[in-house]
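Inspection log for the structure reproduced underneath, given as structure tokens.
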Amino acid sequence: MRGRGGLGISVPIATVFLLIVLTLFIVSMTLMMIRFSDYVRTVQAAVAEEAEKTEENFEIYLEPPEEWVAGAKFIVHIVNRGSRAIVTRVAFLTYVDPATDITRSLVNLTTLTIPVGGSSSYIFTIPDATNYPPPSVDGGYYVVKVVSSQGTERSTIFKVLRVNASASIAPPYVEYVGEYSVWWYYITIGYELVTPTCEVKIFIHNNSTIPLYKIKVNGTLETTGTEALTPPVILSTKSIDYLAPGASVCVTWFIDYRTYGVPTWVWGAVGPPDYGSFVLRYRVYIYNSIIAEGTYEIPYVIVEWPLS
């Protein structure tokens, strides 16, 4: 009887002991798994960081020619955005015209070494404006690709399929003051300019769904009446490197009328100079093609003419 009672007590104790051991084992295994997961994550982060250090990261930007003629320069800028030096191997400039199934390629095999944070450029010379026309001709476009010595590629497409631009102008009046003066038997008239300089603003609007590059605005100044400017005055050319879709830009000319032959004071004249108005003709170009043009007449106003 006594032996049976001792055996009955020892069995629960052994069971409890085994449960404790099993619990400790599970806890230790759980802690080991957590530590192992942390180790794996640490290793993965280190590998990713090392891979990021060795990965090449560069971008390319295009600078199209201002005039699309034989010998024009097409420049591809390369900027190193990564944490290691970039060594390029080759660059391609390819013209593609889907309408005529024509492809023309230029290859530049120059090797460039670009340090971290630095930049360099490939230059392509357009040999023939017929075989390498502006990208707005016949729906053609250009593909530019740069390949590094490690085989990393960067490419971009340059196209202007449909140019749609307009222009407007808002110049002020040119004002004069004048007076009669009587001396003996003669009537003499003097006048002068109140606003001898006119600020002319041309607003260029890009109504296309694509950006426009290398826009030029030219202008000439003429006059009506007998006091004509001969030859017409050619105004300075204004340049716009980039105009985003839907954006507008303003270019300004300052026109000094005294420089263009309008005297500030005249004696013995019957009236002010016979200028009905000044005529401004402007043209907006992209790659030698007119995308907007117009004519604007800038009148003058006599604001005072007293008899003395």
Side-chain angles (χ1 to χ4, degrees), residues 52-163 165 206 208-216 237-245 247 249 285-289 291:
E52 184 178 356
K53 290 181 180 179
T54 59
E55 183 181 358
E56 294 183 327
N57 183 13
F58 62 94
E59 300 175 0
I60 62 175
Y61 300 92
L62 306 180
E63 183 178 340
E66 293 189 6
E67 293 184 280
W68 211 278
V69 295
K73 304 296 182 183
F74 198 114
I75 304 175
V76 182
H77 300 288
I78 306 159
V79 181
N80 187 353
R81 303 293 190 188
S83 56
R84 56 167 295 182
I86 302 293
V87 179
T88 63
R89 179 167 52 88
V90 64
F92 303 91
L93 174 65
T94 303
Y95 172 72
V96 181
D97 187 351
T100 58
D101 197 25
I102 292 177
T103 300
R104 299 283 188 272
S105 295
L106 299 174
V107 181
N108 192 326
L109 294 172
T110 304
T111 298
L112 302 175
T113 300
I114 308 170
V116 175
S119 63
S120 190
S121 302
Y122 277 106
I123 299 178
F124 291 92
T125 301
I126 297 175
D128 185 347
T130 301
N131 290 322
Y132 298 89
S136 58
V137 176
D138 297 329
Y141 60 92
Y142 281 81
V143 179
V144 180
K145 179 188 294 185
V146 176
V147 183
S148 74
S149 58
Q150 300 297 318
T152 305
E153 296 184 2
R154 293 291 186 272
S155 61
T156 185
I157 295 178
F158 174 58
K159 57 182 177 180
V160 182
L161 297 180
R162 182 69 63 183
V163 175
N206 181 6
S208 306
T209 58
I210 52 176
L212 303 180
Y213 299 86
K214 300 298 181 182
I215 303 171
K216 289 186 176 298
T237 300
K238 306 294 183 178
S239 298
I240 304 165
D241 289 333
Y242 174 84
L243 188 59
V249 67
Y285 292 87
I286 182 170
Y287 311 132
N288 294 333
S289 300
I291 60 175

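We use all heavy atoms of the structure for the numbers below, so side chains are in, but hydrogens, waters and symmetry mates are not. The structure displayed is predicted, hence computed values, not measured ones. Numbers here simply count residues along the sequence, with the first being 1.
The distance from the NZ atom of Lys145 to the OG1 atom of Thr156 is 12.5 Å, given to the nearest 0.5 Å. In this structure, the separation between OG1 on Thr125 and CG on Leu93 is 10.5 Å, given to the nearest 0.5 Å. Taking CZ of Arg81 as the start and CD1 of Ile86 as the end, the distance is 12.0 Å to the nearest 0.5 Å. In this structure, Tyr95 OH and Arg104 CZ are separated by 9.5 Å, a value rounded to the nearest 0.5 Å.
At least one donor-acceptor pair under 3.5 Å links the side chain of Ser149 to the backbone N or O of Val87. A distance-only check finds no donor-acceptor pair linking the side chain of Asp128 to the backbone of Tyr132 [under 3.5 Å]. Judged purely by atom type and a 3.5 angstrom limit, Arg154 uses its side chain to pair as donor or acceptor with the backbone of Phe58.
Between Val90 and Tyr122, the closest heavy-atom pair is N-OH, 4.0 Å. Closest of all the heavy-atom pairs between Pro98 and Val96 is CD-O, 3.7 Å. When all heavy atoms of Glu67 and Ala72 are compared, the closest pair comes out as O-CB, 3.1 Å.
Under the side chain to side chain donor-acceptor pair (under 3.5 Å) criterion, Thr237 pairs with Asn218, not counting sequence neighbours.
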Side-chain donor-acceptor distances from residues 106-119 under 3.5 Å, at least two apart:
{"residue": "Asn108", "atom": "OD1", "partner": "Thr110", "partner atom": "N", "Å": "3.0"}
{"residue": "Asn108", "atom": "OD1", "partner": "Thr110", "partner atom": "OG1", "Å": "2.7"}
{"residue": "Asn108", "atom": "ND2", "partner": "Ile123", "partner atom": "O", "Å": "3.3"}

Give the intermediate values and the outcome of ring-ring contact (aromatic ring centres under 6.0 Å, His included) for residues Trp68 and Tyr142.
CA-CA 13 Å; Trp68 211 278; Tyr142 281 81; 5.5 Å; yes
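Between Lys73 and Glu63 the shortest side-chain heavy-atom distance does not fall below 4.5 Å. Counting heavy atoms from C-beta outward, Phe92 and Val143 have side chains that stay 4.5 Å or more apart. Two residues are said to be in side-chain contact when any heavy atoms from C-beta on lie closer than 4.5 Å; Leu62 and Val76 meet this criterion.
Of the candidates Leu243, Asp241, Val249, Ile215 forms a side chain to side chain contact (heavy atoms under 4.5 Å, CB included) with just one, namely Leu243.
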